[in-house]
Every structure is written in C-alpha cells, then in structure tokens.
2 protein chains.
Amino acid sequence: MRDFAVEAGGGALRPTVSDAISLGPGLALQGTRMHFGRNAEIFGEGEQAEYLYRVVSGAVRTIRFSSDGRRQILAFHLPGDVFGLEPGAKHTLSAEAIGEAEVSMVRRSLIDAAANEDVAAARALLTLMQRELLATQEHALVLGRKGAGERVAAFLLKLADRVTSSCEIDLPMSRADIADYLALTIETVSRAFTQMERDKAIALPSSRHVIVRDRCALELLEAA
Amino acid sequence: MRDFAVEAGGGALRPTVSDAISLGPGLALQGTRMHFGRNAEIFGEGEQAEYLYRVVSGAVRTIRFSSDGRRQILAFHLPGDVFGLEPGAKHTLSAEAIGEAEVSMVRRSLIDAAANEDVAAARALLTLMQRELLATQEHALVLGRKGAGERVAAFLLKLADRVTSSCEIDLPMSRADIADYLALTIETVSRAFTQMERDKAIALPSSRHVIVRDRCALELLEAA
DNA sequence: CGCTCGATTGAGCCGCGTCAAAGTGCGTGG
DNA sequence: CCACGCACTTTGACGCGGCTCAATCGAGCG
C-alpha cells in the first residue's frame with residue numbers, strides 16, 4: 001500500500017495506469033514513457049509545448065513564481081492524471097517531478113491531428129480543460145476564504161479521495177510543497193497537522209504518512 | 001467617456017460590441033440580445049447550461065458561495081467578453097448583471113453543431129477556455145501571495161488594461177463586489193483606495209471613478 | 001558517529017478582519 | 001425646492017491569526 005512513487009525501470013506490476021492517453025471512448029494515443037528524478041524539471045514556463053503528459057507513477061507539481069519571487073504550486077498530479085495541456089504554443093507554467101516519477105508523453109502534433117479528425121477527441125480535450133478550470137476555481141476559493149487549518153483539512157480530504165479509498169495517505173510531497181500549494185508557511189502547515197493530531201482527527205506515524213482517524217471531524221474543520 | 005452601462009433599448013450607437021459571438025476567423029454565430037436589470041441573475045449554479053453569453057454593454061459577475069456562506073466573485077466580464085462556457089450539462093457557477101446590462105445569447109446546440117463541423121470552431125472554444133483558465137490561475141496566485149494593497153493595485157491595473165487605453169476608469173462594481181473578488185473586506189478595500197490616493201498613485205473624484213495618476217507607483221505596489 | 005535536510009515548536013509582531021460610528025450621494029415624496 | 005431615508009463608503013479602535021525569526025528535534029546517509 002505504500003510507495004506508488006518508486007520502482008523505476010520495471011514495467012511489470014502497474015495495474016491501473018498504462019502509457020496511453022485516452023481521448024474519448026474510441027481513441028487512446030500511445031505515449032513514450034520517460035523517467036524523471038527527484039525535483040527534475042519536466043517542462044519550463046515559456047518553453048514550446050511539444051507534448052501532453054500523463055503521470056504513470058510518482059507525483060508531479062506544476063508551479064509558477066509570483067512577482068516577489070515566491071513559488072506558488074498550482075496543482076499536484078497523481079498517477080493517471082493528465083497535465084501540460086495548453087492550447088497555446090508555449091507553456092505558461094513549469095512542471096517538476098516531486099519524487100522519482102514515470103511520465104508518459106504524447107506529441108502534441110498527434111493530439112492536434114486526432115482532434116482535427118475526431119470531434120469526440122476535441123471534446124475530450126475540452127472536458128480535460130474544464131476539469132482543470134474547475135479545480136483551479138475551487139482552489140482560488142480555498143485560498144481566498146479559508147483559514148490555515150481549514151485549508152490543510154480540505155487538502156487532506158481531497159487527496160484522500162484521489163489517492164485511495166482507504167483512510168491512509170502517503171504524502172508524496174514535503175511540507176514546503178503543501179505550504180506553497182496552500183499559500184501558507186511550512187510552520188503553519190506543520191502546526192495545523194499537529195493540531196489535527198491533538199484533536200484525534202488524524203494520526204501521524206511519520207511526517208509523510210497520514211491516517212485519517214475521524215473524517216467527519218476533518219469535514220467539519222474544512223467547512224469552518 | 002462615461003456610461004457604457006446604460007442606454008437601454010436603443011441599438012444605435014454601439015461601435016465595438018455586436019450581438020455575434022465569434023468562433024474563429026470564418027465563423028460568427030448571431031445571438032439574441034437580452035436585457036438584465038441591476039443584480040438580476042443571468043443563470044444559476046446547477047441550472048442547465050443552455051446558452052453561451054457575451055456582454056454587449058454593462059458588466060457581469062460570476063459567483064459561487066463557499067461552505068461558510070460567503071460570496072466569492074470568480075470573475076468580472078466587461079463588454080466583449082464571453083462567459084458561461086461550460087462543456088458539462090450544468091452551470092457550475094452563477095452569473096449576475098452588476099448594473100443594467102445587455103447580453104447576447106447563443107444557444108449551446110448551435111455552438112455544439114458548429115464545433116462538430118468546423119475544427120477551427122472547436123479550437124476557438126478551447127482557446128476561450130484556456131483564457132479563462134489562465135485568468136483563474138493568475139487570480140489564485142494573487143489571492144495566495146499578495147497583501148491587501150497589492151491585490152487592489154493589481155485589480156486596478158488589469159481593469160485599466162481591459163477597459164480603456166486612457167488612465168480613467170469608471171468602476172462598474174461596488175466596493176463589496178471588489179472585496180468579494182479579492183477575498184478582502186469592504187473596509188480593507190476602501191482603506192487601500194484611500195492609501196493609494198494619499199500616495200498620489202490615483203485620484204478619486206468619486207468612489208466609482210478612478211484616475212490613474214502614477215501607473216509606475218501602482219505597478220511597484222502590485223509587485224510588493 | 002556526525003552531518004544535513006526536513007519537520008516541529010516557541011516567542012513576538014504586524015496586517016487584516018471585526019465591530020462601531022460617521023460621512024456621502026442619490027432618489028423619493030412632500 | 002427642500003427634507004428625508006436608504007445604500008454605499010469612509011474612518012477609527014481593537015483583537016486574533018498567521019508570518020517571521022530562532023532553536024530544537026528526528027531521520028536518512030555517508
């Protein structure tokens with residue numbers, strides 16, 4: 001149940017996530033698998049957007065820098081997630097592997113060709129885009145309207161829904177990543193975790209391993 | 001130079017904004033014009049998404065409510081802007097006229113039909129979507145990383161770029177709207193305005209009328 | 001064993017939210 | 001035309017939450 005981030009090299013046991021990117025029910029484009037090391041840049045802001053990406057294993061963050069030089073993480077991408085979709089020619093943000101990660105890449109020329117012939121494919125791209133828009137809107141709402149504890153609670157709940165049906169989460173990212181995603185400081189994130197542990201809402205066997213003890217308490221916290 | 005929001009009924013002098021929605025160079029769909037009164041709901045969250053909209057005159061806000069019941073304004077739409085684009089069946093947010101507003105509406109069935117035959121139209125929709133995604137990401141960054149004064153400065157600068165090339169802005173929205181957009185309180189927004197006036201960065205002949213006196217000072221403030 | 005990086009904990013300060021009270025502009029009705 | 005009321009804006013006082021600075025702790029690794 002641990003370690004969806006490692007095991008580089010072997011292609012044997014990967015039940016759910018293949019190398020293909022699905023563009024609607026009838027079409028899936030085969031991609032090239034590539035490996036990225038810890039903190040390796042997958043693509044950078046301003047570069048030509050040559051590929052569409054999909055996480056096979058590990059986790060990926062997309063980032064941008066604000067004018068004062070601080071890092072803002074826009075999203076985390078887990079196995080199965082598609083990222084790097086940009087209709088324009090250039091990337092408007094950067095993407096980095098968080099730990100060791102395997103990523104499947106499909107050339108944009110192939111995507112474009114598929115979208116040009118197949119209307120369903122074009123629609124699939126639009127849907128992909130909308131999912132990202134919705135997530136970003138939701139995130140903006142969290143940043144604007146919630147306090148520190150509520151942000152962390154919301155983050156954990158969303159992650160728990162995404163990563164597993166069980167109540168155990170292996171965080172692929174550091175406190176610094178969480179802080180830069182939630183627009184908080186490391187210290188505040190850390191304090192929020194300890195507080196939630198004190199309230200018996202979660203357990204923290206190690207700093208990267210979270211057990212959701214009382215989901216309702218978290219949901220209550222999130223709503224605050 | 002004032003009053004792009006009023007003059008209901010007459011269709012005479014409207015140089016820049018027509019009733020049509022452009023979907024690429026070769027295609028523009030004619031819409032039906034409709035009038036909405038101050039604070040009137042154009043569509044609500046959860047309703048069927050039957051139309052694509054375009055602001056002809058006036059201004060429109062799109063809103064959502066956070067779990068604690070507070071209003072969050074996701075975007076302001078000015079004359080020429082398209083809004084209400086949602087690939088899904090239902091609207092995921094609400095839209096309201098801020099003042100008196102004229103809006104051009106095109107049935108989604110027409111949009112879909114156009115996207116199905118014309119690849120360029122589908123691409124135009126994708127581009128429209130991306131523009132919104134970029135704006136939302138930028139906004140999330142502002143909410144997360146900037147202080148009150150910087151948010152208001154950034155807001156004014158973006159508005160100034162959008163509404164006119166001159167340095168005079170007629171705010172279509174109230175302080176409460178600005179506050180709910182920037183995730184601040186009315187009081188804090190008001191204080192930011194007065195502070196900027198004190199610093200000679202802007203002048204405030206009336207609360208809705210802003211003159212940008214020193215654009216550099218604003219840009220400096222925004223970067224802070 | 002000791003170094004290093006990440007996480008935790010504490011003390012103090014500052015910005016923004018809250019509550020409260022004037023002040024301002026505008027439409028309505030006398 | 002003036003008086004009134006209402007909605008919006010501005011200004012002030014005060015408290016709290018999260019940032020800053022700083023020290024300690026813990027785990028992985030050479």
Side-chain angles (χ1 to χ4, degrees), chain A residues 2-3 5-6 38-39 66 68-72 98-100 142-156 170-198 202-210 221 224, chain B residues 2-3 5-6 37-39 66 68-72 98-100 142-153 155 170-199 202-210 221 224:
Chain A
R2 292 201 63 180
D3 291 334
V6 289
R38 183 182 143 83
N39 294 330
S66 61
D68 61 348
R70 297 169 63 141
R71 185 180 73 153
Q72 173 73 21
I98 295 179
E100 305 291 310
V142 168
L143 294 190
R145 289 291 173 222
K146 294 186 190 262
E150 311 153 34
R151 290 187 209 182
V152 176
F155 169 73
L156 280 181
D170 273 299
L171 298 175
M173 71 290 283
S174 69
R175 296 285 188 270
D177 284 332
I178 300 176
D180 283 349
Y181 176 66
L182 298 176
L184 298 168
T185 58
I186 336 175
E187 294 94 329
T188 304
V189 172
S190 180
R191 279 185 251 266
F193 271 102
T194 358
Q195 187 56 45
M196 282 163 37
E197 194 183 19
R198 247 183 232 123
I202 62 169
L204 280 171
S206 88
S207 71
R208 292 287 184 106
H209 192 99
V210 180
L221 231 178
Chain B
R2 291 199 62 181
D3 290 337
V6 291
R38 181 182 147 81
N39 293 331
S66 61
D68 61 347
R70 298 168 62 141
R71 186 180 71 152
Q72 172 72 22
I98 295 180
E100 305 290 308
V142 168
L143 294 191
R145 288 292 172 222
K146 294 182 190 264
E150 309 154 36
R151 291 188 208 182
V152 176
F155 169 74
D170 273 298
L171 298 175
M173 71 290 285
S174 69
R175 295 287 186 268
D177 284 332
I178 300 175
D180 284 348
Y181 177 65
L182 298 176
L184 297 169
T185 57
I186 342 174
E187 293 94 328
T188 304
V189 172
S190 180
R191 279 186 252 267
F193 271 102
T194 4
Q195 188 55 44
M196 282 163 39
E197 193 183 20
R198 251 184 228 120
D199 299 344
I202 61 167
L204 280 169
S206 87
S207 71
R208 295 288 185 107
H209 194 100
V210 180
L221 231 177

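Source: prediction; values computed, not measured. Note on naming: letters A, B, ... go to the chains in the order of the sequence lines (proteins, then strands), and numbering restarts at 1 for each one.
Contacts of A183(B) with the nucleic acid, taken as non-hydrogen atoms under 4.0 Å apart, involve only primed sugar atoms and P, OP1 or OP2. In this structure, R145(A) reaches neither bases nor backbone, as no heavy-atom distance under 4.0 Å exists between it and the strands shown. Among the heavy atoms of the strands, none lies under 4.0 Å from R151(A).
For dC5(C), the OP1/OP2 oxygens have no side-chain nitrogen or oxygen of R175(A) closer than 4.0 Å. Of the side-chain N and O atoms in R208(A), none sit less than 4.0 angstrom from OP1 or OP2 of dA27(D). Look at T194(B) and you'll find a side-chain N or O under 4.0 angstrom from OP1 or OP2 of dT11(D).
At whole-Å resolution of the value, CE in M196(A) and P in dT9(C) are 14 Å apart. Residue I178(B) contributes atom CD1, which lies 9 Å from atom P of dT10(D) at whole-angstrom precision. Taking atom CG of residue L171(A) and atom C1' of nucleotide dA27(D), one finds them 16 Å apart after rounding to whole Å. In this structure, the CG atom of L143(B) is 17 Å from the C1' atom of dG18(D), given to the nearest Å. Put simply, CG on L184(B) is 16 Å from C1' on dT9(D), counting in whole angstrom units. In this structure, H209(B) atom NE2 and dG25(C) atom P are separated by 15 Å, rounded to whole Å. Across the protein-nucleic acid pair, D180(B) atom CG and dG17(C) atom P stand 11 Å apart, rounded to whole Å. The interatomic distance linking I186(A) (CD1) with dC5(C) (P) rounds to 14 Å, in whole Å.
In this structure, the separation between CG on L143(B) and CD on Q72(A) is 9.5 Å, given to the nearest 0.5 Å.
The backbone N or O of R38(A) sits less than 3.5 Å from a side-chain atom of E100(A), completing a donor-acceptor pair. Judged purely by atom type and a 3.5 angstrom limit, R175(B) has no side-chain atom pairing as donor or acceptor with the backbone of T185(B). Checking side-chain atoms of R145(A) against main-chain N and O of S66(B) turns up no donor-acceptor pair under 3.5 Å.
Closest to the side chain of S190(A), from the set dG17(C), dT11(D), dT8(C), is dT8(C). Side chain of T185(B), nearest nucleotide from dT8(C), dT11(D), dG17(C): dG17(C). Closest contact between the side chain of T188(A) and the listed nucleotides dC8(D), dG18(D), dC16(C) involves dG18(D). Nearest to the side chain of E187(B), among dG17(C), dC19(C), dT10(D), sits dC19(C). Closest to the side chain of S207(A), out of dT8(C), dG12(D), dA11(C), is dT8(C).
Scanning both residues, V152(A) and A192(A), for their nearest heavy atoms gives CG2-CB, 3.7 Å. Closest approach of L204(A) and E197(A) over heavy atoms only: N-OE2, 3.5 Å.
For R198(B) against dT11(D), a side-chain-to-base donor-acceptor contact under 3.5 Å is absent. Between the side chain of R191(A) and the base of dG17(D) there is no donor-acceptor pair of N/O atoms closer than 3.5 Å.
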